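Take a look at the structure below.
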Amino acid sequence: MYKALLPVKPGKDADYWEEAVQAVRGIMEKYPGQLAKDLSLAILGDLERRCKEHENQNTGC
């Protein structure tokens, strides 16, 4: 997932974030266990965190 989704794009890029959600769904379907769910959601959370950090640096928020 990281390889396909890095670098993180802005929160306004709906296509990028839809791709990220689809990647999470794909992993959870392929590996239905709790570990895959936890890891893929953690990666999605990290991407969101990176996006917010990047946006805050660029806007001075």
Side-chain angles (χ1 to χ4, degrees):
M1 271 180 64
Y2 271 118
K3 187 175 183 178
L5 296 171
L6 287 179
V8 177
K9 297 195 178 168
K12 297 174 188 174
D13 189 339
D15 291 335
Y16 170 81
W17 290 103
E18 180 62 29
E19 181 183 345
V21 170
Q22 290 300 324
V24 168
R25 286 183 183 145
I27 288 175
M28 289 172 29
E29 288 174 5
K30 187 173 181 179
Y31 305 101
Q34 188 65 39
L35 178 61
K37 179 180 178 180
D38 292 345
L39 290 172
S40 58
L41 291 176
I43 291 170
L44 185 60
D46 184 54
L47 295 173
E48 290 174 346
R49 179 191 58 79
R50 289 178 186 217
C51 174
K52 288 178 185 176
E53 284 178 359
H54 182 70
E55 287 176 350
N56 288 342
Q57 288 174 355
N58 288 339
T59 62
C61 296

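Every value quoted in this text rests on a predicted model; they were computed, and no experiment measured them.
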Practice prompt. Could you tell me the separation between the CE atom of Met28 and the CD atom of Gln34, rounded to the nearest 0.5 Å?
Written response: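 Those atoms lie 9.0 Å apart.
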Are [Y] and [X] linked, directly or through intermediate hydrophobic residues, by side-chain heavy-atom contacts shorter than 4.5 Å (ILVMFWY only)?
X: Tyr16; Y: Leu44; result: yes
X: Leu35; Y: Tyr31; result: no
X: Leu6; Y: Leu41; result: yes

Worksheet entry | Polar contact flag, side-chain donor to acceptor under 3.5 angstrom, Glu53-Gln57 |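 Judged by distance alone, the side chains do not pair up.
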Residues forming a salt bridge (charged side-chain N to carboxylate O under 4.0 Å, His left out) with [X], sequence neighbours excluded:
X: Asp13; value: none
X: Arg25; value: none
X: Glu19; value: none

Contact check, side chains of [X] and [Y], non-hydrogen atoms, under 4.5 Å:
X: Trp17; Y: Cys51; value: yes
X: Met1; Y: Ile27; value: yes
X: Arg49; Y: Lys52; value: no

Worksheet item: Shortest non-hydrogen contact from Ala23 to Leu5?
Response: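 Heavy-atom minimum between the residues: CB-CD1, 4.4 Å.
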